[in-house]
Amino acid sequence: MALGGGLWYEPCRTFHDPRLEGRGGVISEEDRVRRRVWRRIAPLWLVVGLLFTPVLSGCATSGALDPSSAASGKAKNVVLLIGDGMGPSHIWASWLYSNRVLGKNLKMIEIMNAGHTAYLVNDAADAIVTESAAAASQIATGQRMTTGALSMAADGKTPVKTIMEILKAKGLATGLVTTSGITDATPAAFAVHVAHRSDEISVADQELTFGVDVLMGGRKQFFLPEVSAGKRTDGRNLLDEARAAGYAVVGDAEELRVAAGPRILGLFHMGNMAHEIDRSVTMEPSLAEMTAKTLEALSQTPSGFFAMIEGGRIDHAAHRNDAAGMIHDTLAFDEAIGVVQEFARKNPNTLVIVTADHETAGLALISPSKESKADIGIDVTTIRKAKASFEVIADALGQDPTPKQVQQVVKTYLDIEITDDEARTVANDTIRKLDPAHYGYLFLHSLAFVLRPYLGVSWGSQSHTASPLLVFGMGPGSERLRGLLHNTQLFDIMKSAVE
Ligand SMILES: [Zn+2]
């Protein structure tokens, strides 16, 4: 029976604190040390505080580096983090993996425990099951949108003002970061207005015309003309135009490390950036590295900033029913959340909101296991053996694999020995043929189906679902994250926090 690690909801390096009952009762080692130091110096600070109260009132009570905004309960900076397709089960699967394989808690859970948490629903104007364009546009504008549209009214012609436009008009710097394409729907919704998300040539143009200070992600092809292997039919080279407009234009992890703001255009792949499990650390920066550089660049603007940071490929792994790929991308997203959390600790006038746009693929953690029939839920020890995403596995399978080839590919990339019958199910693509309306990727859904008893993971679909989501956060304004919210309400929570 594979119980993988033996930790059960009690991550390494955390300690039970009875004073935190009701908030999970667990604090990190870092917090414990901080508290011990604080207990020792608190009496001294009390005396200093009484002597200098008129001078230090803002700082002493909040610890804020910017006393004016912290004392007024207003946010100077807003960082919105969106895990694309990251439903509650995606978080729990990643949490179990993080606890049992990596021996550490998720930053997401720390923020939930220390900050504020709510449920989030996300139906659009024309659909109960939404997609990234409508979902991000609803968060960005506060209005219900038709699916496919990017911050554009249902007539397809009337732009609807976004939170990023409003905050930019107030003098805040702006940033958009994703592991998907920077012209993909989630980042685009905050800066552009187009009738349909597929118009990525217009999206690239509008993002630069808007003057987003930091843009990082993939899909460089929409910034380059056809003569440079790009997709632009207008012959423009937006990279050259961005350089002329004062952007540092970078294309790999090392160039990003040495880039100085305040304006950076980082495009690290012609298509989407790699799934985290496949990523070359020299070719492409991690989402956490992009996030750290973004915060550094945007902080140069004294009046504050708005940034949207997306774990864009969680969704893509879930569409392919790829458990290991999804978990690795969620963990990379969590690492980026940790970077923002640390920034917010030093800059408490920062509103941090973490959520998703929708759930992808109806993820369920199921039992029993292949070997024992015992109720387990998810076998993280088998999932940890995966060496590549299903995107890579699909390429290895090709268009017409034999059952023998299927067995070899599954053994090579997932270290699992499937039976002859199971290999035939994949080679015949039986599951996709049973329900072609809901399963589109060649062989991958049949593969995920036969892997269910090995991984303890099942997928109800290849597409998005209407599952309620989680939204949680910290900082000024995050106290409004409570109960059941609709994603349109996040617009006002962010706007009111700054105004
Ligand atoms: Zn999707």
Side-chain angles (χ1 to χ4, degrees), residues 80-91 93-94 120-124 126-140 145-151 176-190 194 196-200 203 217-219 269 271-277 287 308-330 332-333 355-364 389-391 394 432 435-442 444-445 448 457 459-470 487:
L80 172 66
L81 296 120
I82 297 178
D84 200 309
M86 188 185 71
S89 290
H90 301 61
I91 296 175
S94 306
L120 191 78
V121 291
N122 55 2
D123 51 298
D126 60 340
I128 289 172
V129 176
T130 193
E131 46 73 60
S132 293
S137 297
Q138 291 186 172
I139 294 170
M145 291 280 150
T146 47
T147 48
L150 288 174
S151 298
L176 295 171
V177 179
T178 183
T179 48
S180 176
I182 195 59
T183 52
D184 203 356
T186 306
F190 290 86
V194 295
H196 198 272
R197 56 184 287 175
S198 57
D199 186 7
E200 295 184 63
V203 169
R219 302 197 193 171
H269 202 290
N272 295 322
M273 293 179 70
H275 282 290
E276 180 63 17
I277 195 171
L287 184 56
M308 192 293 299
I309 294 158
E310 184 196 29
R313 303 225 68 199
I314 300 166
D315 173 68
H316 300 166
H319 276 295
R320 290 183 171 84
N321 296 171
D322 174 5
M326 180 280 293
I327 287 172
H328 283 275
D329 273 305
T330 304
F333 180 57
T355 191
D357 48 357
H358 51 72
E359 197 270 359
T360 299
L363 173 62
S389 70
F390 273 27
E391 198 171 51
R432 189 177 63 84
D435 187 3
H438 285 99
Y439 293 110
Y441 292 96
L442 286 178
L444 298 182
H445 312 295
V457 165
W459 305 87
S461 159
Q462 73 137 36
S463 48
H464 304 159
T465 77
S467 163
L469 308 165
L470 292 168
N487 64 359

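Just follow the structure's listing: the first ligand is 1, and inside any ligand the first atom is 1.
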Tell me yes or no: between the side chains of T178 and S180, is some donor less than 3.5 Å from an acceptor? no
Salt bridge (Lys or Arg N to Asp or Glu O under 4.0 Å) partners of residues 176-189, not counting sequence neighbours, each pair once: D184-R197, D184-R219
How many angstroms lie between OG in S94 and CD1 in I327, if you round to the nearest 0.5 Å? 5.0 Å
Pairs satisfying salt bridge (Lys or Arg N to Asp or Glu O under 4.0 Å), at least one member in residues 319-328, at least two apart: R320-E391
Taking only residues two or more places apart in sequence or in another chain, which ones pass ring pair (Phe, Tyr, Trp, His ring centres under 6.0 Å) with H328? Y97
Can you name the closest pair of heavy atoms from M326 and A317 and give their distance? N-CB, 3.4 Å
Protein-derived N, O or S atoms lying under 2.8 Å from the Zn ion (ligand 1), waters excluded: 4
